[in-house]
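Right, one structure below, let's go through it.
Quick note: numbers below take in every heavy atom, side chains included, and nothing from hydrogens, waters or symmetry partners.
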Amino acid sequence: MRAEAFTESVEEKVGGSLDKERARHLETVKKFSKLLENSKILGEVNAIDSKSPGEGIVQAAKEIHASFIVTGTRGLGKVRRTILGSVSDYILRHAPMPVVVCKYVEKKGCEK
């Protein structure tokens, strides 16, 4: 196999995967935008690209002059949170605006 053919094959596969991810992200943004609209909540949904989710969220909130940030928590245990870090902890410590952290509570009989 020629090096050029291998490179072209890899580029096609990677490009196809990136296109699928972009489409998935666009659908997610549309879904949450529709949820806001249907709930009559004034707000906006943004997809951001950042090395770290916490940094990206704080930076985006600063750029759009957000009044506050609402985020969720997955409820990681103390050990896992210490090792992996916590996006909500990062946002709480670094955001210059108020932050609301909502804990997900699973209810029996309800879908996620």
Side-chain angles (χ1 to χ4, degrees):
M1 178 180 238
R2 296 185 344 255
E4 296 92 22
F6 176 76
T7 303
E8 289 170 7
S9 174
V10 170
E11 286 176 0
E12 287 174 9
K13 288 178 183 174
V14 170
S17 293
L18 287 174
D19 290 342
K20 286 179 185 175
E21 280 301 304
R22 284 187 189 106
R24 189 177 68 82
H25 281 269
L26 182 58
E27 285 304 312
T28 301
V29 168
K30 286 180 182 177
K31 173 184 161 186
F32 283 102
S33 295
K34 193 70 174 167
L35 271 171
L36 285 174
E37 182 183 325
N38 291 343
S39 300
K40 296 184 178 19
I41 297 173
L42 181 60
E44 65 183 72
V45 179
N46 295 299
I48 54 175
D49 185 20
S50 177
K51 290 181 185 178
S52 130
E55 286 179 29
I57 291 167
V58 170
Q59 184 60 39
K62 288 178 183 177
E63 288 172 7
I64 65 169
H65 306 288
S67 302
F68 60 96
I69 299 172
V70 178
T71 186
T73 178
R74 293 183 295 163
L76 295 176
K78 289 181 183 179
V79 174
R80 286 187 70 197
R81 185 174 58 241
T82 301
I83 294 169
L84 298 175
S86 165
V87 174
S88 55
D89 282 345
Y90 182 93
I91 295 169
L92 280 167
R93 296 185 199 301
H94 294 90
M97 68 280 296
V99 177
V100 177
V101 180
C102 303
K103 182 178 179 183
Y104 175 77
V105 179
E106 190 171 338
K107 296 180 182 176
K108 291 186 179 190
C110 293
E111 294 181 32
K112 280 188 176 180

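Considering CD1 of Ile69 and CD1 of Ile91, their distance stands at 5.5 Å, rounded to 0.5 Å. Here the straight-line distance linking atom NZ of Lys62 with atom CD1 of Ile57 works out to 13.0 Å at 0.5 Å rounding.
Checked against side-chain hydrogen bond (donor to acceptor under 3.5 Å, both in side chains), Ser88 has the following partners two or more places apart in sequence or in another chain: Ser86. In this structure, Glu27 has no side-chain hydrogen bond (donor to acceptor under 3.5 Å, both in side chains) partners at least two apart in sequence or on a different chain. The salt bridge (Lys or Arg N to Asp or Glu O under 4.0 Å) test applied to Glu55 returns no partner, not counting sequence neighbours.
Residue pairs meeting the salt bridge (Lys or Arg N to Asp or Glu O under 4.0 Å) criterion with at least one partner in residues 37-49, sequence neighbours excluded, are Lys34-Glu37.
Under the 4.5 angstrom side-chain criterion for Ile, Leu, Val, Met, Phe, Trp and Tyr, the cluster partners of Val100 are Phe68, Val70. Listed by chain and number, the hydrophobic cluster partners of Val29 are Phe32, Leu35, Leu36, Ile41, Val45, where partners are ILVMFWY side chains within reach of under 4.5 Å, directly or through others.
Looking at every heavy atom in both residues, Gly56 comes nearest to Ile48 through C-CD1, 3.1 Å. Nearest approach of Pro53 to Val87, heavy atoms of both residues: CB-CG2, 3.9 Å. Closest of all the heavy-atom pairs between Met97 and Ser67 is CB-O, 3.7 Å.
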